[in-house]
Amino acid sequence: MSEPLLIPCPHCNGLNRIPAERLADLPKCGRCKGQVLLSQPFELKQGDYASQIKGDLPLLVDVWADWCGPCKSFAPVFQQAAAQLAGKCRLAKLDSEANQQLSAQLGIRSIPSLILFRNGREVARQSGAFPLPQLLSWLRSQGI
Ligand SMILES: [Zn+2]
């Protein structure tokens with residue numbers, strides 16, 4: 001038996017302990033009963049940030065804005081990545097307009113920006129939209 005993984009719930013920020021061998025079984029949150037691991041990106045808000053960057057699964061954040069054309073063209077790629085990486089990496093979208101304080105705190109200068117967090121810390125960052133194979137190979141180089 002492996003150590004359970006700590007994974008924050010995307011719905012209520014509750015921290016769940018989930019055995020690695022159960023990651024594929026669509027585990028439910030102990031607090032809100034929502035699905036902990038999603039096959040699509042969830043929306044990250046300023047108030048959820050501190051809770052969501054924690055845990056044993058990496059979190060990839062796509063910082064975007066409604067007025068940004070490249071962000072919109074990148075959205076389906078990010079969606080596909082979420083489906084492929086379910087159980088390995090959590091994916092979230094941060095609306096930089098709606099969350100200006102957090103965007104400033106993260107030092108966002110251009111969008112789209114991708115930020116990878118692991119165990120509560122930023123470990124990698126990329127700017128610009130790129131195709132799915134390139135996104136997946138960048139994540140592989142980060143051990144995902
Ligand atoms: Zn929950």
Side-chain angles (χ1 to χ4, degrees), residues 3-20 22-132 134-144:
E3 280 285 296
L5 301 174
L6 286 175
I7 305 175
C9 170
H11 313 288
C12 73
N13 293 332
L15 204 53
N16 288 271
R17 299 171 71 84
I18 299 175
R22 280 205 48 223
L23 288 181
D25 305 340
L26 306 179
K28 295 252 162 53
C29 172
R31 189 196 280 181
C32 75
K33 310 293 174 209
Q35 205 171 304
V36 176
L37 296 171
L38 306 173
S39 54
Q40 58 185 30
F42 62 96
E43 203 185 327
L44 184 69
K45 299 211 174 83
Q46 212 148 277
D48 306 326
Y49 170 74
S51 305
Q52 290 299 329
I53 61 170
K54 287 183 195 158
D56 293 318
L57 280 188
L59 175 73
L60 179 66
V61 178
D62 170 24
V63 188
W64 69 286
D66 196 43
W67 49 261
C68 160
C71 295
K72 285 190 171 157
S73 59
F74 182 62
V77 172
F78 199 65
Q79 187 97 31
Q80 282 174 294
Q84 293 205 14
L85 296 168
K88 291 186 199 153
C89 182
R90 311 164 64 239
L91 279 78
K93 292 176 73 82
L94 174 70
D95 181 341
S96 59
E97 289 292 301
N99 301 278
Q100 294 188 3
Q101 197 188 320
L102 179 56
S103 303
Q105 185 189 325
L106 293 171
I108 301 299
R109 285 186 200 87
S110 67
I111 51 173
S113 274
L114 291 169
I115 310 179
L116 184 66
F117 295 92
R118 204 190 275 273
N119 301 115
R121 284 199 188 160
E122 176 176 339
V123 291
R125 186 185 287 225
Q126 281 270 5
S127 292
F130 37 98
L132 185 63
Q134 209 177 322
L135 173 61
L136 294 175
S137 87
W138 176 59
L139 290 171
R140 262 197 306 276
S141 74
Q142 300 298 327
I144 292 168

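In this chain, residues are counted from 1 in sequence order.
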**Q.** Contacts of Glu97 that satisfy side chain to side chain donor-acceptor pair (under 3.5 Å) - sequence neighbours left out
**A.**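 If we apply the side chain to side chain donor-acceptor pair (under 3.5 Å) test to Glu97, skipping adjacent residues, the hits are Trp67.
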(Q) Gln46: which residues meet the side chain to side chain donor-acceptor pair (under 3.5 Å) condition with it, sequence neighbours left out? (A)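 Checked Gln46 against side chain to side chain donor-acceptor pair (under 3.5 Å); matches are Gln101.
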**Q.** salt bridge (Lys or Arg N to Asp or Glu O under 4.0 Å) partners of residues 64-82, not counting sequence neighbours, each pair once
**A.**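 Checked against salt bridge (Lys or Arg N to Asp or Glu O under 4.0 Å) - neighbours excluded - the pairs reaching residues 64-82 are Asp66-Lys72.
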Q: Would you list the pairs meeting salt bridge (Lys or Arg N to Asp or Glu O under 4.0 Å) in which at least one residue belongs to residues 77-92, sequence neighbours left out?
A: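 Pairs touching residues 77-92 that pass the test: none.
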Under 3.5 Å, which donor-acceptor pairs link side chains of residues 134-144 to any protein atom two or more places apart or in another chain?
residue, atom, partner, partner atom, Å
Ser137, OG, Gln134, O, 3.4
Ser141, OG, Trp138, O, 2.5

Is the shortest heavy-atom distance from the side chain of [X] to the side chain of [Y] under 4.5 Å?
X      : Y      : result
Leu60  : Phe78  : yes
Tyr49  : Leu106 : yes
Leu94  : Ile115 : no
Val63  : Arg125 : no
Ile7   : Leu15  : no
Leu37  : Leu57  : yes
Leu85  : Leu91  : yes
Val123 : Phe117 : no

Q.
Please verify the inter-ring angle class for Phe130 with Phe74; under 30° counts as parallel, over 60° as perpendicular, anything in between as tilted.
A.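 Ring orientation of Phe130 relative to Phe74: tilted.
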**Q.** Where at least one partner belongs to residues 79-114, residue pairs that pass ring pair (Phe, Tyr, Trp, His ring centres under 6.0 Å), sequence neighbours excluded
**A.**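 Counting only pairs at least two positions apart or across chains, no ring pair (Phe, Tyr, Trp, His ring centres under 6.0 Å) contact touches residues 79-114.
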Q: Find the distance between NZ (Lys54) and CG (Asn119) and round it off to the nearest 0.5 Å.
A: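 Separation between the atoms: 12.0 Å.
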Q | Rounded distance [0.5 Å steps], NZ in Lys45 versus CG in Asp95 | A |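 The distance works out to 9.5 Å.
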Q) What residue pairs, at least two apart or across chains, pass disulfide (SG to SG under 2.5 Å) with a residue in residues 49-84? A)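 For residues 49-84, and leaving out neighbouring residues, the disulfide (SG to SG under 2.5 Å) pairs sorted by first residue read Cys68-Cys71.
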Q: Could you note down all residue pairs passing disulfide (SG to SG under 2.5 Å) where residues 73-104 supplies at least one of them, sequence neighbours left out?
A: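 Passing the test, one end in residues 73-104: no pairs.
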Q) Excluding sequence neighbours, so at least two apart, what forms salt bridge (Lys or Arg N to Asp or Glu O under 4.0 Å) with Arg22? A)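 If we apply the salt bridge (Lys or Arg N to Asp or Glu O under 4.0 Å) test to Arg22, skipping adjacent residues, there are no hits.
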**Q.** Counterpart residues, salt bridge (Lys or Arg N to Asp or Glu O under 4.0 Å), relative to Lys93 (two or more places apart)
**A.**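 With sequence neighbours excluded, Lys93 shows a salt bridge (Lys or Arg N to Asp or Glu O under 4.0 Å) to Asp62, given in chain and number order.
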Q: Just grab all the side chain to side chain donor-acceptor pair (under 3.5 Å) pairs involving residues 4-18, residues at least two apart or on different chains.
A: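 Counting only pairs at least two positions apart or across chains, the side chain to side chain donor-acceptor pair (under 3.5 Å) contacts touching residues 4-18 are Asn13-Asp48, Asn13-Gln52.
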Q | Contact list for residues 28-40, test side chain to side chain donor-acceptor pair (under 3.5 Å), sequence neighbours left out | A |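 Listed once each, the pairs would be none.
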